[in-house]
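The structure appears below as structure tokens.
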Amino acid sequence: VAVARSSTRPRYYLLLVVLTAVTFIAIDHNGDSSVIRNVRSTARDAFLPLSSVANSIVSPVTNSISAIFHYGDLKHENAQLRAQLQTLESAKLQNAQLQTNLKEIGDLNNLTFANNIGGVIARVTDNAPSNFEAAIEINKGTNDGIAKGFPVIANGGLVGRIAEASKTRSTVQLITDSSLSVGVRFSRSGEVGIAEGNGIGRNLHVDMIPVDADVQKSDALVTSGLQNSVYPPDIPVGTVVRAPRPHSGDLQRTVSARPLVDFSHMLYVKVLQWSANTQ
Amino acid sequence: VVRQHAVSVSKLTKTIFVIFVATLLQSVAAQHVRIFDVVPEILLATSALIGLTVGEREGVFLGFICGCVADLLFLNTPFMLSAVTFAFVAYVCGLFKGTIVHGVPGLTFFVTAIASMIGILIFVTISALFGYGEFFNIRLPLVIFLVGILNGLFALILGPLVHWALAESDVPQLRLVKE
């Protein structure tokens with residue numbers, strides 16, 4: 001009896017854990033629980049300094065390892081940098097990185113789109129530590145007037161929307177995330193469709209386009225801004241890279257589009273303080 | 001009783017330390033260890049190692065805690081999705097407690113890699129049940145494979161740490177037995 005009890009007890013523990021988890025998952029999934037959101041946001045705020053310290057400690061090590069693996073490239077790059085340094089010294093230029101940053105911030109303040117909407121400029125701090133979400137972390141949060149759902153743009157166009165915002169940082173869900181959809185309009189023809197993310201580093205999948213729509217390769221896509229849209233209108237989203245002809249019997253057309261923003265090289269983004277409800 | 005209590009406090013402190021180290025490693029690895037945009041799931045690897053070290057009963061709870069930490073700090077999917085996955089992985093690994101020979105790096109690598117691959121598959125399956133079916137995509141096999149390999153490699157570092165923190169010193173460790 002004792003043996004039977006000790007062997008079945010862990011199964012009860014597992015059952016208890018599963019039931020607890022399923023309850024919380026259901027609450028969070030259906031109710032969008034603010035308690036869980038607050039706990040998450042507080043935990044992330046608390047962990048951020050520790051994570052930063054750990055990263056700063058590890059960075060020299062990983063840089064050294066990277067240097068070992070890329071010795072040939074580094075040797076070549078080193079020679080180039082020496083030449084570049086001499087040029088820079090003779091010209092007495094200012095810090096190039098600082099100038100790049102300033103230019104990017106300046107460009108963000110003078111965008112040709114969404115320039116009548118208030119926004120907060122934030123620095124991209126991290127890639128999201130997950131294999132299933134296309135997301136980035138930025139260094140501004142609710143203390144700076146950012147809220148969940150706000151659209152995020154960069155110099156090229158639409159980046160995504162705020163998925164989570166704690167006091168000092170936020171997570172931006174990129175438009176390439178497979179759970180994100182964007183209402184779009186084709187600039188040339190005016191046709192509308194829905195662009196959906198296909199995962200990290202992959203093109204957008206645009207569907208719900210009328211079957212007789214005039215859509216061609218290289219057409220530009222902008223946000224449609226239709227009623228109750230999550231994004232303001234006329235923000236550039238991408239360019240059509242593949243527009244196959246519909247087959248007979250198809251009820252809609254489907255095309256592929258490449259996002260305009262290079263997500264891997266963003267330094268700064270602008271969070272638009274805009275939501276559909278307030279418009 | 002006092003001695004037992006002292007031992008359990010020490011074990012608790014060590015356990016917290018292990019989970020803390022794994023959390024920091026996850027944060028660091030996410031920024032510095034990326035292969036084809038895939039990052040290791042250190043807390044999943046830790047759950048598997050804990051299960052192998054302490055068995056299914058304690059493993060299920062510690063795996064659950066590791067998953068909660070991952071849910072809180074690193075993910076935006078519904079809370080406790082990872083917790084239930086990691087608990088299950090730790091439970092299953094716990095069933096094999098005693099069959100793993102500590103100090104055999106190849107075996108630690110292999111078992112953690114397989115457990116991590118299964119863990120990712122479970123996570124994606126449970127996610128699909130809650131409406132996150134998009135995780136099943138063409139990239140999934142690559143993610144499963146690379147997470148398995150990376151977790152296996154990290155297990156070589158974490159294995160001794162978990163063993164130091166959680167292995168029962170008065171219970172003889174398994175040895176390769178000649179039949």
Side-chain angles (χ1 to χ4, degrees), chain A residues 6 9-11 13-14 16-18 20-30 33 36-37 39-40 42-44 46-48 50-55 57-59 61-63 65-66 126-135 163-164 171 173 177-179 196-202 264, chain B residues 20 23-34 36-41 55-61 63-64 67-85 87-88 91 94-95 120 123-124 126-127 129-132 134-135 137-140 143 146-147:
Chain A
S6 68
R9 195 173 287 166
R11 285 183 215 158
Y13 291 149
L14 180 65
L16 180 70
V17 161
V18 169
T20 309
V22 168
T23 307
F24 271 91
I25 293 167
I27 291 170
D28 196 20
H29 181 58
N30 298 325
S33 168
I36 293 171
R37 208 165 51 236
V39 170
R40 259 188 175 149
T42 308
R44 289 178 188 192
F47 185 67
L48 191 63
L50 292 172
S51 169
S52 301
V53 169
N55 271 306
I57 292 169
V58 170
S59 284
V61 179
T62 53
N63 288 344
I65 293 168
S66 176
D126 280 330
N127 294 312
S130 162
N131 288 311
F132 295 101
E133 294 167 296
E164 291 287 338
T171 304
Q173 194 178 14
D177 190 277
S178 45
S179 64
E196 290 168 344
N198 249 336
I200 301 165
R202 302 179 68 197
S264 56
Chain B
F20 177 73
T23 308
L24 277 184
L25 262 179
Q26 175 67 57
S27 164
V28 168
Q31 303 310 319
H32 300 282
V33 187
R34 270 181 188 268
F36 297 113
D37 260 329
V38 175
V39 294
E41 300 280 355
E56 70 269 36
R57 198 181 63 179
E58 287 179 64
V60 75
F61 284 113
F64 182 74
C68 282
V69 172
D71 278 324
L72 274 177
L73 297 176
F74 304 121
L75 294 164
N76 295 309
T77 44
F79 186 56
M80 290 207 181
L81 210 56
S82 295
V84 69
T85 307
F88 188 75
Y91 176 83
L95 296 174
I120 293 291
F123 176 82
V124 171
I126 298 173
S127 300
L129 293 176
F130 285 92
Y132 289 81
E134 66 272 12
F135 293 166
N137 58 39
I138 197 166
R139 202 168 162 269
L140 184 60
V143 172
L146 286 178
V147 167

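Below, all heavy atoms of this structure are taken into account, side chains as well, without hydrogens, waters or symmetry copies.
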Original post:
Can any side-chain N or O of A/Arg40 pair as donor or acceptor with the backbone N or O of B/Asp71 at less than 3.5 Å?
Top reply: yes
Original post:
Top residue by heavy-atom pair count (under 4.5 Å) with chain A, among B/Val147, B/Thr77, B/Leu129?
Top reply: B/Thr77
Subject >> Segment of B/Phe88 engaging chain A (4.5 angstrom heavy-atom cut-off) >> reply: both
Original post:
Which one of B/Tyr132, B/Phe79, B/Phe130 has the most heavy-atom pairs closer than 4.5 Å to chain A?
Top reply: B/Phe79
**OP:** Please flag which part of B/Thr23 lies under 4.5 Å from any non-hydrogen atom of chain A: side chain, backbone, both or neither.
**Re:** both
**OP:** Let me see the working for B/Phe64 and A/Leu14 under side-chain contact (heavy atoms from CB on, under 4.5 Å), right down to the final yes or no.
**Re:** CA-CA 9 Å; B/Phe64 182 74; A/Leu14 180 65; over 6 Å; no
**OP:** Look up atom CZ in A/Phe47 and atom CG in B/Leu24, then write down how far apart they are to the nearest 0.5 Å.
**Re:** 5.0 Å
Original post:
How long is the span from the CZ atom in B/Phe61 to the CG atom in A/Leu16, to the nearest 0.5 Å?
Top reply: 5.5 Å
**OP:** I would like to know whether A/Leu50 and B/Phe20 meet side-chain contact (heavy atoms from CB on, under 4.5 Å); could you show each step before the answer?
**Re:** CA-CA 10 Å; A/Leu50 292 172; B/Phe20 177 73; 3.8 Å; yes
**OP:** Go through B/Asn137, B/Val143, B/Asn76 and name the one with the most non-hydrogen pairs under 4.5 angstrom from chain A.
**Re:** B/Asn76
**OP:** Please flag which part of B/Val69 lies under 4.5 Å from any non-hydrogen atom of chain A: side chain, backbone, both or neither.
**Re:** neither
Subject >> Part of B/Leu146 within contact of chain A (heavy atom distance under 4.5 Å) >> reply: neither
Original post:
In terms of heavy-atom proximity below 4.5 Å to chain A, should B/Val33 be classed as side chain, backbone, both, or neither?
Top reply: neither
Original post:
Tell me, side chain or backbone of B/Val28 under 4.5 Å from chain A's heavy atoms, or both, or neither?
Top reply: both
**OP:** Assess whether side-chain contact (heavy atoms from CB on, under 4.5 Å) is satisfied between B/Ile138 and A/Arg202, documenting all intermediate values.
**Re:** CA-CA 11 Å; B/Ile138 197 166; A/Arg202 302 179 68 197; 3.3 Å; yes
Original post:
What's the shortest heavy-atom distance between A/Ala43 and B/Leu73, and which atoms?
Top reply: O-CD2, 3.5 Å
Subject >> Closest non-hydrogen atom pair, A/Glu133 against B/Phe74 >> reply: OE1-O, 4.4 Å
